[in-house]
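What follows is one structure encoded as structure tokens, with my remarks underneath.
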There are 2 protein chains.
Amino acid sequence: MSQNEFQSQEVVSSLEQGLARDGFRLTRARHVVLTAMVELGHPFSTGELEQAVARVDGSVGRASVYRTLALMESRGLVEKLHRSGQEHYTLCLKAEHHHHVTCVQCGRTREFALKDNIDLLSTVDGLARGLGYLPRSHVLEVYGVCPACQKLAGPHA
Amino acid sequence: MSQNEFQSQEVVSSLEQGLARDGFRLTRARHVVLTAMVELGHPFSTGELEQAVARVDGSVGRASVYRTLALMESRGLVEKLHRSGQEHYTLCLKAEHHHHVTCVQCGRTREFALKDNIDLLSTVDGLARGLGYLPRSHVLEVYGVCPACQKLAGPHA
DNA sequence: CAACAATTGATACGGGGTATCAATAGAGGG
DNA sequence: CCCTCTATTGATACCCCGTATCAATTGTTG
């Protein structure tokens with residue numbers, strides 16, 4: 001646990017360094033929101049984020065939660081997940097283009113890149129070209145049961 | 001144009017027949033909302049749908065617009081599109097599992113299935129398995145410039 | 001046509017997210 | 001270390017979207 005807290009703080013300060021590098025100020029509010037995001041450790045709704053922030057520091061205003069969320073999203077460090085009933089957001093630690101596998105039971109996500117699978121990436125583009133489109137981008141989200149939840153459920157998953 | 005209107009009415013009544021088959025009543029409100037959806041002919045936000053409905057028949061209540069939208073969505077005849085800044089919905093005419101290509105310029109969508117591309121489909125599942133997940137479902141949305149918009153833009157697209 | 005239930009429109013409500021704005025507090029220079 | 005300048009903040013009010021409610025209406029079935 002203290003191990004986890006240690007890692008969390010490292011993640012938070014690396015995010016903060018990124019902000020500072022681009023001329024954003026390191027403020028108490030941002031620190032608190034980032035800490036809350038990292039400590040949640042899994043995709044969160046805006047409501048969950050608000051609660052987590054309040055737990056860390058009740059003096060941070062609601063508006064700052066949304067402002068920081070928007071800031072991180074605009075920098076590609078937080079992404080919206082699709083197909084969850086309610087919109088959820090997740091921290092992205094990989095810089096490059098990537099996708100998510102979301103566990104339909106515990107809700108945790110895992111990032112993956114397609115570099116090992118160049119076929120897939122080029123197939124998606126090729127598919128668009130086959131329809132006469134000029135490919136620009138795509139969204140691919142995968143849903144399944146993660147290894148941990150499979151174990152919990154027993155062999156008849 | 002009257003050709004289009006004729007086709008629109010056919011689509012609307014085929015949707016209505018589906019509803020009737022399952023015991024839903026054919027009401028004025030539903031007819032108006034479906035007509036508005038079909039006549040929009042491209043992905044729409046809820047606001048656009050409200051406006052279109054009002055244009056067709058101003059006496060239809062706001063609640064019924066949302067009720068009909070939810071009904072169609074629950075039947076898989078309308079799907080939410082992802083990654084649009086604002087949520088958008090689109091009519092789905094294909095029954096089977098399919099995806100959308102959305103033009104980033106005109107916003108129109110086109111459905112496509114992966115049957116010609118079984119590789120891709122099984123690759124996505126295989127990819128999840130490779131990470132230890134039990135694949136359940138996925139979202140794939142493709143964005144690009146459609147043939148018509150490419151022509152408009154000239155050869156330097 | 002009668003009767004029953006599904007559906008509707010109007011209304012009010014709630015919650016999420018934002019615009020506003022005076023007050024605060026970073027960051028950098030002296 | 002303090003000063004200044006401006007980004008950022010917290011509080012508030014506000015707006016808008018979607019929904020719960022409910023009496024009135026309208027499909028449908030027999």
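Chain letters run A, B, ... following the sequence lines, proteins first, then strands; residues in each count from 1. These values consider heavy atoms only, across backbone and side chains, with no hydrogens, waters or symmetry-generated copies.
Protein atom CG of A/Leu19 is 15 Å distant from nucleotide atom P of C/dG26, rounded to whole Å. The CD atom of A/Gln17 sits 18 Å away from the P atom of C/dG26 (whole-angstrom rounding). Here the P atom of nucleotide C/dG15 and the OH atom of A/Tyr66 are 12 Å apart, to the nearest Å. Put simply, CD on B/Glu87 is 16 Å from P on C/dG16, counting in whole angstrom units.
Near DNA chain D, defined here as any heavy-atom distance below 4.0 Å, the residues from residues 25-49 of chain A are A/Arg25, A/Thr27, A/Ala29, A/Arg30, listed numerically.
Here the OH atom belonging to B/Tyr143 is positioned 12.0 Å from the SG atom belonging to B/Cys103, to the nearest 0.5 angstrom. B/Leu15 contributes atom CG, which lies 11.0 Å from atom CG of B/Leu26 (distance to the nearest 0.5 angstrom). To the nearest 0.5 Å, the span separating NE2 on A/His42 from CD on A/Glu48 amounts to 6.0 Å. A/His100 NE2 to A/Glu79 CD: the interatomic distance, rounded to the nearest 0.5 Å, is 5.0 Å.
Between B/Asp57 and B/Arg28, the closest side-chain pair of non-hydrogen atoms falls below 4.5 Å.
Side-chain to base pairing of A/Arg62 with C/dG17: one donor and one acceptor N or O lie within less than 3.5 Å of each other.
Linking Ile, Leu, Val, Met, Phe, Trp and Tyr whenever their side-chain heavy atoms come within less than 4.5 Å leaves B/Tyr66 and B/Leu77 in two separate clusters.
Where the helix from C/dC1-D/dG30 to C/dG30-D/dC1 starts and where it ends, the local axes point in directions that differ by 40°; five pairs per end, rounded to 10°.
Extent of DNA chain D lying under 4.0 Å from chain B heavy atoms, first and last nucleotide in 5' to 3' order, is D/dC17 to D/dT28.
Between A/Arg67 and B/Gln86, the one whose closest nucleotide on DNA chain D sits nearer the 5' end is A/Arg67. Projected onto DNA chain D by closest heavy-atom contact, B/Ala20 and A/Val65 fall at different nucleotides, the more 5' of which corresponds to A/Val65.
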